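Accompanying notes for the structure given below.
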Number of protein chains: 2
Amino acid sequence: MNTEKRMRMTPQRRIILEELRKTCSHPSADEIYSMVRKRLPRISLGTVYRNLEVLSELGEIQKLEAGGSLKRFDGNPAHHYHIRCTCCGRMVDAPFQVMERLEERLDGADGYRVFGHSLEFLGICPECRRRPIAPGLGHLNGPHR
Amino acid sequence: MNTEKRMRMTPQRRIILEELRKTCSHPSADEIYSMVRKRLPRISLGTVYRNLEVLSELGEIQKLEAGGSLKRFDGNPAHHYHIRCTCCGRMVDAPFQVMERLEERLDGADGYRVFGHSLEFLGICPECRRRPIAPGLGHLNGPHR
DNA sequence: TTAAATGCAAAGATTTTGCCAAATT
DNA sequence: AATTTGGCAAAATCTTTGCATTTAA
C-alpha cells in the first residue's frame with residue numbers, strides 16, 4: 001500500500017516556495033508571511049505555517065532550528081557538542097572532541113567576524129529506537145530522504 | 001566608572017545552579033522549574049527564567065539553542081552550514097564545505113543511532129560591526145569569555 | 001538606605017488548531 | 001461527492017516584564 005499523501009501545488013504553496021527560493025535571507029515565518037502577502041494579500045499566517053510544514057516534510061525547504069521550540073540549559077559551561085534525538089528531543093553530550101579553531105578559516109568571510117561554532121548531531125535515542133512507532137510517525141526514526 | 005552590577009548568590013540562584021550541575025539531561029526552563037520547586041516550593045517561573053539568564057551571562061551555564069527564538073526557513077534543501085550573527089540574528093550561508101559522514105564515528109555511541117549533523121558558526125555581521133554599540137550591549141559583539 | 005532579587009500575575013511573542021467555506025480532483 | 005486547502009480566530013506554548021515587596025550588603 002502506498003501511504004503517501006498526494007500534495008497539491010496550490011497557488012499559496014507555490015508562491016511561498018518561490019519566495020523562499022528567491023531569497024537567501026533565511027526568513028522567519030512572519031517575514032515569509034510579509035513577503036508572500038505582497039502577492040497574495042488575503043493569505044493567512046496559518047496557511048503560511050501549514051505550508052512551511054508541508055514543504056519541509058517534502059524536503060523542498062529546510063526548517064532551521066528545527067530541533068526544539070524550547071530552549072535547553074546545560075550546567076556544563078565548557079564547549080562541547082550534543083546529540084539530539086529527533087524523535088523525542090532528548091539531548092546528550094556527544095563523545096566527540098571539539099574541533100578547536102574550526103571557525104578560523106571562515107573569519108572574514110562575507111565581512112563576518114566569526115568567533116565560534118556550534119555542532120549538533122542528530123539521531124535517535126535508545127528509548128525511541130525500542131519503542132513501537134506510532135502510525136504515521138515512522139519518518140521520525142531516520143532521515144527523511 | 002564601574003557600570004557592572006554586583007550579583008548576589010541567592011538561595012534560588014544557587015539551587016538552580018546546583019540542580020543544573022547535578023543533571024546531564026539538558027533540561028528546559030520548565031523542567032528546571034519542576035526540579036527546583038521540590039526544594040523551593042514557592043519559587044516562581046519568572047525567577048527561574050531570570051536566573052537562567054544571569055547564570056548564562058556569567059558563563060556558569062550554557063543556554064542551548066540560544067541563537068534564535070523563532071524558527072527560520074531555508075529555500076535551499078541541500079545540506080549546508082550557516083553563520084549566525086549573534087547581535088541581530090541574521091543568518092547567511094557559510095562558505096564551508098560540508099563534512100560528509102562526520103557523524104559516522106559517533107553512530108552507536110550511547111545506543112544512539114546518529115545519522116546527521118548541523119553546524120552553525122557564530123559571528124557578527126558587517127552591519128552590526130559597523131553600527132555603534134548600544135550601551136550595555138557591547139558583549140554582543142564578541143565571545144563573552 | 002539602596003541596589004538587587006523575588007513572587008505573582010499579566011502581557012508578549014510565536015506557533016498550532018478547530019471550524020466551516022471554498023476549491024480541486 | 002469526497003477530499004484537501006484556505007481563511008479566520010481562538011487556543012496553546014514558551015518567555016519576558018511590571019510592580020509591589022522582601023532581602024541583603
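Just so it is clear: chains get the letters A, B, ... in the order the sequence lines come, proteins before strands, and each one is counted from 1. Computed from a prediction, not measured in an experiment: that's the story for all the values here.
For the pair A:Ile15 CD1 and D:dG6 P, the interatomic distance rounds to 11 Å; values are reported in whole Å. Atom pair B:Tyr33:OH and C:dA9:P shows a separation of 10 Å (rounding to whole Å applied). Atom P of nucleotide D:dT5 and atom CZ of A:Arg14 are separated by 16 Å, given to the nearest angstrom. As rounded to whole Å, 15 Å separates atom C1' of D:dT16 from atom CG of B:Asp30. Rounded to an integer number of Å, the gap from CE of B:Met9 to C1' of C:dA5 is 13 Å. Distance A:Glu53 CD to D:dT5 P: 13 Å, rounded to the nearest Å. Remark: P of C:dA13 and CZ of B:Arg72 are 16 Å apart, rounded to the nearest angstrom. Counting to the nearest Å, the C1' atom of D:dC8 and the CZ atom of A:Arg42 are 10 Å from each other.
Where A:Leu45 and A:Phe73 each meet DNA chain D at their nearest nucleotide, the meeting point lying more 5' is that of A:Leu45. Position along DNA chain C of the nearest nucleotide to B:Arg8 versus B:Arg50 favours B:Arg8 as the more 5'-ward residue. Of the two residues contacting DNA chain D, namely B:Pro11 and B:Ala29, the nearest-nucleotide position lying further toward the 5' end is that of B:Ala29.
Nucleic acid contact class of B:Asn51 (heavy atoms, under 4.0 Å, all strands): sugar-phosphate only. Backbone-only contact: A:Ile43 has heavy atoms under 4.0 Å from sugar-phosphate atoms and none from a base. Using a 4.0 Å heavy-atom cutoff across all strands shown, B:Gln12 reaches sugar-phosphate atoms only and no base atom.
When the nucleotides C:dT16, C:dT6, D:dG7 are ranked by their closest atom to the side chain of A:Tyr49, C:dT16 comes out on top.
Here A:Arg13 does not reach the OP1 or OP2 of D:dT4: none of its side-chain N or O atoms lies under 4.0 Å away. Between A:Thr47 and D:dG7 there is a side-chain N or O to OP1 or OP2 distance below 4.0 Å. For the pair B:Thr10 and C:dT6, the criterion of a side-chain N or O lying under 4.0 Å from OP1 or OP2 is met.
When atom types are taken as modelled, the side chain of B:Arg13 and the backbone of B:Arg8 share a donor-acceptor pair closer than 3.5 angstrom.
At a threshold of 4.0 Å, the pair B:Arg21-B:Glu18 does not count as salt-bridged, since none of the basic side-chain nitrogens sits closer than that to a carboxylate oxygen.
The one candidate from B:Leu45, B:Leu17, B:Ile43 that meets the side-chain contact (heavy atoms from CB on, under 4.5 Å) condition with B:Val36 is B:Ile43.
Separation of atoms CD1 (B:Ile16) and CD1 (B:Ile61) is listed at 8.5 Å; rounding is to 0.5 Å.
Placement of A:Phe121 and B:Leu119 within a single hydrophobic cluster is found when ILVMFWY residues are connected by side-chain heavy-atom separations under 4.5 Å, directly or transitively.
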